Amino acid sequence: MSDNKFPFSGFSSVAIHGGHEQDPNYAHLTPIYASSTYVFDEAEQGMRRFSGEEKGYIYGRWGNPTITEAEEKIAALESFGITDEQGNALALKAILHASGMAAISTLMIGTLKAGDKILTHYSLYGGTQELIEKVLTPLGIEAIIIDLRDVDAAANAINADGKIKMLYLETPANPTIQCVDIEELTRLAHSKNLIVAVDNTFATPYLQQPFQYGVDYVMHSTTKFLNGHGTAIGGVLLGKDVQHMSSHITKVHRLLGGNSNAFDAFLLTQGMKTLEVRMERHCHNAMEIAGFLEQHPAVSKVNYLGLPSHPDFNTAAKQMRHAGAMLSFEMKDGLQAAKDFIDKLQMCIRAVSLGTCDTLISHPASMTHYSVPKEKREQYGITDGLIRMSVGIENVQDIILDLEQALA
Ligand SMILES: *Cc1c(COP(=O)(O)O)cnc(C)c1O
């Protein structure tokens, strides 16, 4: 934990100062510690460090001061304003990873064994879906995939199969921006002693704090809004059982080898300082754009959680501060219209990924979901004319101007 005891009253103060410790050389910012190993004064000190009796770094795969700062900052943000059952400030342990996928891998392999099953929602990040299918299933860890917006269906699934050990949520989810109810599902899962894990990538701790509902683990692809500038791939796994996180889960993380590095951690720390101001602007812009698209004659449908027309509007309003920066919409004239629109963009960027300062626009049918058969895609709401937007923080009039000329 950082030694800063100031009672921050606002999220931004924690985003800026949280997790920082005075550098021994008085550098203002924690430097990029580019060193693979750490020196012992004497053999006895090595022994004390290995036994955990003395705090200190040993080897780069196990930790690094630049990485520690990023981890402490994320933990402070995910726990901001939350108290535990005893009324104390919630303590969390965060472990930074090389990518979001590395964080999910540590979570799954660290908490499940052959024969266990995962209950999850059908709309999941593609990489997570493939990890379950291609890596976990052959290891004997299978998933039961249903529509988790139906809490009764979730209860029936859990009652029907005693092998379900984890409830895995991603909300909001890609690319139809569906939401599931974290509070209700966590209450249900905990009544059956399941582990609850949430992918909080789309929302960030500024918009949504799953630990408020007592979940066990939260993960992020820090590549997205937490970094905020598209400068590094990264992931984080957070847990509220600090003892278990510091022992078993840390061991699994170190042995799987999905560690982050000092340079990426430095970029992440700088990016997170502006999380609140960026998210406010992202969400404000997204709301205006959703309104613009909804009345445009070339668009048949807009999926945005801030619009009462979204089926999960109420769930989002309940658990999110604002409706987020992600939206998708359908072109009335399908595939060719969608491709033409994408090709005509002048300022917005044609790219996958999300969460950067600039607006990113992708076409799932020809990009992220190209390999998914059309019938399966359409079952998940991914039609040929669907466009996904990660709304940036440019001047909103400029984004609208670009969309308008590309839709014309
Ligand atoms: C990007 C993403 C991931 C995977 O993260 P990487 O950093 O690309 O490994 C997982 N979940 C969601 C919701 C994502 O958007």
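Quantities reported herein were computed from a predicted structural model and do not represent experimental measurements. For ligands, and for the atoms within them, numbers begin at 1 and follow the listed sequence.
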Across all chains, not counting sequence neighbours, the ring-ring contact (aromatic ring centres under 6.0 Å, His included) partners of Tyr33 are none

| query | Under the salt bridge (charged side-chain N to carboxylate O under 4.0 Å, His left out) criterion, do Arg350 and Asp343 qualify, and how do the steps go? | reply | CA-CA 8 Å; Arg350 278 177 290 273; Asp343 291 348; 5.1 Å; no

Any nitrogen or oxygen of Ser221 lying under 3.5 Å from a nitrogen or oxygen in ligand 1? Just yes or no. yes

closest protein heavy atom to atom 8 (O) of ligand 1 is Tyr125 OH, 3.9 Å

*Gly234 heavy atom under 4.0 Å from ligand 1*: yes

(message) Can you see whether Tyr57 engages Thr68 through a side-chain donor-acceptor pair at a distance of less than 3.5 angstrom?
(response) yes

Kindly say whether the aromatic ring centers of His282 and Phe225 come within a distance under 6.0 Å. yes

Taking the six-membered ring for Trp, are the ring centroids of Phe50 and Trp62 within less than 6.0 Å of each other? yes

If you scan protein heavy atoms around atom 6 (P) of ligand 1, the nearest is Gly100 N, 3.4 Å

The atoms of ligand 1 lying under 4.0 Å from a heavy atom of Glu170, numbered in the order shown, are 13 (C)

protein heavy-atom neighbour closest to atom 14 (C) of ligand 1 works out as Lys224 NZ, 3.0 Å

Report yes or no: is the cationic atom of Arg321 (NZ for Lys, CZ for Arg) closer than 6.0 Å to the six-membered ring centre of Tyr206, at no more than 45° off its axis?
-> yes

The side-chain hydrogen bond (donor to acceptor under 3.5 Å, both in side chains) partners of Ser309 (sequence neighbours excluded) come to Glu294

query: With a 4.0 Å cut-off on heavy atoms, does Asp199 reach ligand 1?
result: yes

message = Geometry only, no angles: is Thr128 polar-contacting ligand 1 at N/O separations under 3.5 Å?
response = no

**Request:** Please indicate whether any nitrogen or oxygen in Phe202 is less than 3.5 Å from any nitrogen or oxygen in ligand 1.
**Result:** no

Quick note on ligand 1: atoms under 4.0 Å from a heavy atom of Thr223 include exactly 7 (O)

